[in-house]
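In what follows, every chain begins at residue 1, and chains take the letters A, B, ... in the order their sequences are listed. Bear in mind the structure is a predicted one, so any value in this text is a computation, not a measurement. When reading the values below, keep in mind they use all heavy atoms of this one structure, side chains included, and skip hydrogens, waters and symmetry mates.
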Amino acid sequence: MNIFSDFRKQIIDVIEGLSSDGSLPEGLNLDRVAVDVPRDAAFGDLSTNAAMVLAKPAGMKPRDLAELLTGKLADAEGVSTAEIAGPGFINVRLDDDLWRRCLGTVLQTGKAFGDSDIGGGAPVNVEFVSANPTGPLHIGHARGSVFGDVLAALLRKAGYAVTREYYINDAGAQVDVLARSAHLRYREALGEAIGQIPEGLYPGEYMKAVGAALAERDGDRWQESLESEWLPVVRSFAIDTMMDLVRDDLAALGITFDVFTSERGLVEQGRVDTVLDGLEARGLIYTGTLEPPKGKKPDDWEPRPQTLFKATEFGDEVDRPLKKSDGSWTYFASDIAYHQDKHARGFDTQIDVWGADHGGYVKRMKAATKAVTGGAADLDVKICQIVKLLDKGEPVKMSKRAGTFVTLRDLIDEVGPGVVRFIMLTRSNDAPLDFDLTKVTEQSRDNPVFYVQYAHARCHSVARMAADAFPDLDADQTADLGLLTDEAELALIKLLAQWPRVIEGAAQAHEPHRIAYYLYELAAAFHGLWTKGKEQTELRFIVESDRAQTHARLAMVSGVRTVIASGLELMGVEPLEELR
RNA sequence: GCGCCCGUAGCUCAAUUGGAUAGAGUGCCUGACUACGGAUCAGGAGGUUGGGGGUUCGAGUCCUCCCGGGCGCGCCA
């Protein structure tokens with residue numbers, strides 16, 4: 001039950017009715033007709049801009065059209081009042097019973113309340129994390145990981161067929177460095193003194209285990225052999241080990257993927273060649289020389305002919321190189337093949353979640369995707385800004401040597417997965433985020449995780465107390481919701497009714513942080529009502545002298561608990577029933 | 001120099017995708033709470049949404065030009 005979309009249908013019906021009886025022209029475009037919640041509750045429960053957006057095409061003044069619509073709407077079912085305001089807004093108040101019925105729906109459907117079918121089962125591919133398999137995940141990865149995972153969950157709840165995907169960059173020079181680092185540790189594991197890790201190799205302690213495991217598996221087989229012999233083997237082994245590490249770290253955050261795609265796999269299957277041959281056949285690839293960037297000329301710049309993709313034909317600023325000087329593909333070339341591959345697998349809607357440092361690549365990737373799918377695939381790239389790690393307001397110095405933790409795993413161990421996940425969504429993805437280790441575990445209002453969890457725990461607390469006062473109370477569904485008449489109670493119920501709308505809006509905008517903000521707002525309304533009951537005893541949830549009233553209020557509290565739990569679970573955060 | 005993101009209350013950030021009198025937290029000021037579970041709640045002050053111009057019924061949001069910050073800028077992903 002989505003009151004807002006239901007009401008929009010009512011308005012559309014009214015407009016179409018007026019069209020068919022000649023009061024309005026036929027065939028009006030109704031796309032821009034919106035139903036909103038007014039900023040100020042004094043304006044009513046709902047408002048619509050219908051009269052304003054249709055005035056011009058209908059050839060009427062907005063207020064006259066509003067007049068016409070209000071006349072019909074006032075008689076519509078469930079509408080208590082409809083009036084015109086401002087330049088032509090129509091403000092509507094609905095019968096309180098309609099809202100109470102919505103609470104009834106919450107109680108009946110439970111956590112499925114808010115599920116939507118706006119996705120229509122359309123396939124969506126969400127690609128996120130995709131960290132290079134060269135080491136454990138760090139804090140910078142945490143944000144994109146959570147963002148992508150919750151966005152995927154959100155889209156699923158909104159009715160899309162979502163695939164969570166991880167692209168393994170296992171074909172570039174970096175994994176060769178990884179292999180050499182692993183080989184060194186392998187020799188170390190076999191008893192060689194390796195001394196200092198040479199510049200350019202990965203020095204991390206985590207590489208020791210890789211070397212040891214390889215020695216365990218293969219003995220001294222690669223100890224004296226040529227690099228050309230051992231490199232592919234060691235590389236493959238190291239990548240697998242690193243990916244296990246990455247999977248473990250993600251699992252600790254509650255994240256799993258449906259698909260892992262290997263860049264090397266695409267290259268070895270010849271997919272890159274195929275896709276780029278196709279572009280070449282269309283005249284979109286040529287050999288040319290790029291201008292140096294103005295104002296910031298690299299020291300070693302020299303003009304050089306390169307194999308270029310005509311990205312400028314698809315909205316990019318300059319054409320982009322596809323081949324390295326050794327003749328191998330650039331990562332961009334394989335990325336083109338990868339996005340084509342996603343399209344070939346049936347994904348017309350693709351979402352990539354990237355870090356802030358990749359912002360400069362959005363245009364070329366969109367251009368390439370457009371080119372390679374003939375414009376059929378829509379790519380949305382979500383950029384996550386940096387996370388600043390703080391402790392008591394002071395920046396935490398990231399030094400591996402000093403022992404200050406930097407890995408994702410350490411962060412999870414320190415504050416718990418739920419806290420990490422929630423905090424990562426307390427900002428819009430394109431705003432930088434402060435993660436204060438002290439604040440996020442504080443029990444205060446300015447720690448949103450606590451504040452929302454506390455509201456949820458309070459709901460459970462009420463239920464426990466009620467079980468003492470009325471041990472034999474029936475299920476929520478049998479309560480007489482008509483007894484919920486206080487303004488604050490109805491306001492709370494109206495907020496619950498917004499949940500499906502929040503889901504749809506957040507899903508369509510690809511903005512999972514809206515869930516966190518909504519939950520905070522809902523928690524605030526609930527805490528407010530709680531305290532109101534403290535001051536006016538007749539408003540308490542449990543009224544010992546009034547069994548029916550208590551029953552109704554417990555049902556309302558159940559509704560709040562259900563929606564908060566539903567939202568937290570959507571975010572991958574476990575709802576707590578007690579706070580120590 | 002160019003591109004992308006950003007600029008909103010002292011500070012950190014929202015703003016129903018173009019809607020009405022721009023909202024929360026924090027900080028400051030005032031009050032409520034000896035218990036359905038204390039960690040809360042109610043109120044006050046605080047704004048020319050960086051600046052100018054434009055688009056229209058209507059702009060924090062879209063276009064344009066400046067100012068300021070972050071990221072990026074040919075064979076790293």
Side-chain angles (χ1 to χ4, degrees), chain A residues 4 32 34-40 43 47 49 52-53 55-56 61-62 85-89 91 130-132 134 169 171-175 263 289-298 301-304 306-308 316-318 320-328 330-332 334-335 355-363 383 385-386 426-428 430-434 442-448 450-451 454 457-458 460-466 468-469 498 501-502 505 508-509 511 513-514 517 520-521 524 527-535 540-544 557 578-579:
Chain A
F4 304 91
R32 291 182 60 215
V35 172
D36 292 317
V37 182
R39 216 187 285 271
D40 189 339
F43 288 130
S47 80
N49 60 357
M52 288 180 291
V53 298
K56 197 173 281 180
K61 287 181 181 172
F89 286 103
N91 290 331
S130 298
N132 294 334
T134 55
N169 295 118
Q174 294 187 13
V175 284
E263 179 186 8
T289 307
L290 290 176
E291 295 288 313
K294 285 170 185 153
K296 192 232 164 200
K297 192 172 178 176
W301 179 275
E302 46 186 272
R304 173 181 309 143
Q306 287 176 295
T307 305
L308 300 172
D316 202 356
E317 271 78 35
V318 293
R320 304 294 182 177
L322 296 170
K323 274 190 180 175
K324 304 181 194 173
S325 54
D326 68 358
S328 65
T330 61
Y331 92 97
F332 178 53
S334 46
D335 244 7
D357 53 342
H358 288 58
Y361 293 83
V362 174
K363 276 199 174 182
I383 298 292
Q385 291 299 322
I386 55 164
T426 52
R427 292 285 177 264
S428 152
D430 45 27
L433 173 73
D434 288 346
E442 250 170 32
Q443 302 198 330
S444 71
R445 181 165 188 166
D446 66 320
N447 176 10
F450 160 76
Y451 191 72
Y454 184 34
R458 265 188 162 168
H460 277 273
S461 165
V462 174
R464 284 191 295 269
M465 302 312 283
D468 289 343
Q498 282 195 40
R501 175 187 164 83
V502 170
Q508 284 176 322
E511 289 185 353
H513 74 277
R514 294 192 194 186
Y517 277 89
Y520 187 86
E521 195 184 341
H527 287 309
L529 192 55
W530 173 287
T531 306
K532 208 175 169 191
K534 212 169 188 177
E535 287 156 4
R540 291 191 166 198
F541 299 133
I542 298 170
V543 185
E544 302 204 350
V557 172
E578 279 179 288
L579 302 179

With rounding to the closest Å, how many angstrom separate the [atom1] atoms on [N] and [M]?
N: A9(B); M: C62(B); atom1: C1'; value: 26 Å
N: C28(B); M: G69(B); atom1: P; value: 31 Å
N: G58(B); M: G1(B); atom1: P; value: 37 Å
N: G50(B); M: A22(B); atom1: P; value: 15 Å
N: U30(B); M: C11(B); atom1: C1'; value: 22 Å
N: G60(B); M: A14(B); atom1: C1'; value: 11 Å
N: C33(B); M: A15(B); atom1: C1'; value: 32 Å
N: G25(B); M: C65(B); atom1: C1'; value: 36 Å

Just by modelled atom types, is the [Y] backbone N or O under 3.5 Å from a matching donor or acceptor in the [X] side chain?
X: Arg427(A); Y: Leu433(A); answer: no
X: Asp326(A); Y: Ser328(A); answer: yes
X: Asn91(A); Y: Ser47(A); answer: no

Write down the atom of Ala524(A), the atom of Tyr451(A), and the distance for their closest heavy-atom approach.
->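 Answer, listing the atom of Ala524(A) first, then Tyr451(A): CA-OH, 3.1 Å.
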
Can you name the closest pair of heavy atoms from Asp316(A) and Lys363(A) and give their distance?
->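 Closest heavy-atom pair between Asp316(A) and Lys363(A): OD1-CB, 3.6 Å.
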
Considering every strand shown, what is the Watson-Crick or G-U wobble mate of [N] when both distances are under 3.5 Å?
N: A24(B); result: U12(B)
N: U56(B); result: none
N: G7(B); result: C67(B)
N: G1(B); result: C73(B)

Just wondering, do [X] and [N] stack (centres under 5.5 Å, planes under 30°)?
X: Phe43(A); N: A20(B); answer: yes
X: Phe89(A); N: G19(B); answer: no
X: Trp530(A); N: C36(B); answer: yes

Does the pair Asp36(A)/Arg501(A) count as a salt bridge with the N-to-O cut at 4.0 Å?
->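 Between Arg501(A) and Asp36(A) there is a salt bridge, with a charged N closer than 4.0 Å to a carboxylate O.
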
Residue pair [X] / [Y], side-chain donor-acceptor N/O under 3.5 Å:
X: His527(A); Y: Arg458(A); result: yes
X: Ser334(A); Y: Glu263(A); result: yes
X: Ser428(A); Y: Asp430(A); result: yes
X: Asn447(A); Y: Glu442(A); result: no
X: Tyr454(A); Y: Arg445(A); result: no

Below 3.5 Å, does any donor atom in the side chain of [X] face an acceptor in the base of [N], or the other way round?
X: Asn91(A); N: A20(B); result: yes
X: Tyr517(A); N: A14(B); result: no
X: Ser47(A); N: A20(B); result: yes

Heavy atoms, side chains only, cut-off 4.5 Å: are Leu579(A) and Phe450(A) in contact?
->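 In short, these two side chains touch, coming nearer than 4.5 Å.
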
Tell me, do Ile383(A) and Gln385(A) make a side-chain contact under 4.5 Å, heavy atoms counted?
->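 Side-chain contact under 4.5 Å: yes.
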
Remember a base hit wins even if backbone is also touched, and classify Ala85(A) as base, sugar-phosphate or nothing at under 4.0 Å, heavy atoms.
->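 The residue Ala85(A) makes base contact.
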
Tell me what Gly172(A) touches on the nucleic acid: a base, only sugar-phosphate, or nothing, going by heavy atoms under 4.0 Å.
->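 Sugar-phosphate: the residue Gly172(A), judged by heavy atoms under 4.0 Å, touches backbone atoms but no base.
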
Side chain of Asp434(A) - closest among A14(B), U40(B), U12(B) =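 When the side chain of Asp434(A) is considered, U12(B) is the closest of A14(B), U40(B), U12(B).
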
Compare side-chain N and O positions of Tyr331(A) against OP1 and OP2 of C76(B) and report whether any pair is under 4.0 Å apart.
->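 It does not, given that no N or O in the side chain of Tyr331(A) lies less than 4.0 Å from OP1 or OP2 of C76(B).
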
Please determine if a side-chain N or O atom of Arg458(A) lies less than 4.0 Å away from the OP1 or OP2 oxygen of A39(B).
->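 The answer is yes; a side-chain N or O of Arg458(A) sits under 4.0 Å from OP1 or OP2.
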
Distances under 3.5 Å between protein N/O atoms and the N/O atoms of nucleotides 41-47 of chain B, please, pair by pair.
| unit_1 | atom_1 | unit_2 | atom_2 | d |
| --- | --- | --- | --- | --- |
| C41(B) | OP1 | Arg445(A) | NH1 | 3.2 |
| C41(B) | OP1 | Tyr451(A) | OH | 2.2 |
| C41(B) | OP2 | Arg445(A) | NH1 | 2.9 |
| C41(B) | O4' | Thr531(A) | OG1 | 3.0 |

So which one's nearest nucleotide on RNA chain B is more toward 5', Val362(A) or Glu578(A)?
->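 By nearest-heavy-atom nucleotide position, the 5'-most residue is Val362(A).
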
5′-ward residue of the pair Phe332(A)/Pro303(A) relative to RNA chain B =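 Whichever sits nearer the 5' end wins; that is Pro303(A).
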
Under a 4.0 Å heavy-atom criterion, the protein footprint on nucleotides 68-73 of chain B, written with B, S and -, is ---SSB

In B/S/- notation, 5' to 3', how is nucleotides 54-64 of chain B contacted by protein heavy atoms closer than 4.0 Å?
-> ---BB------

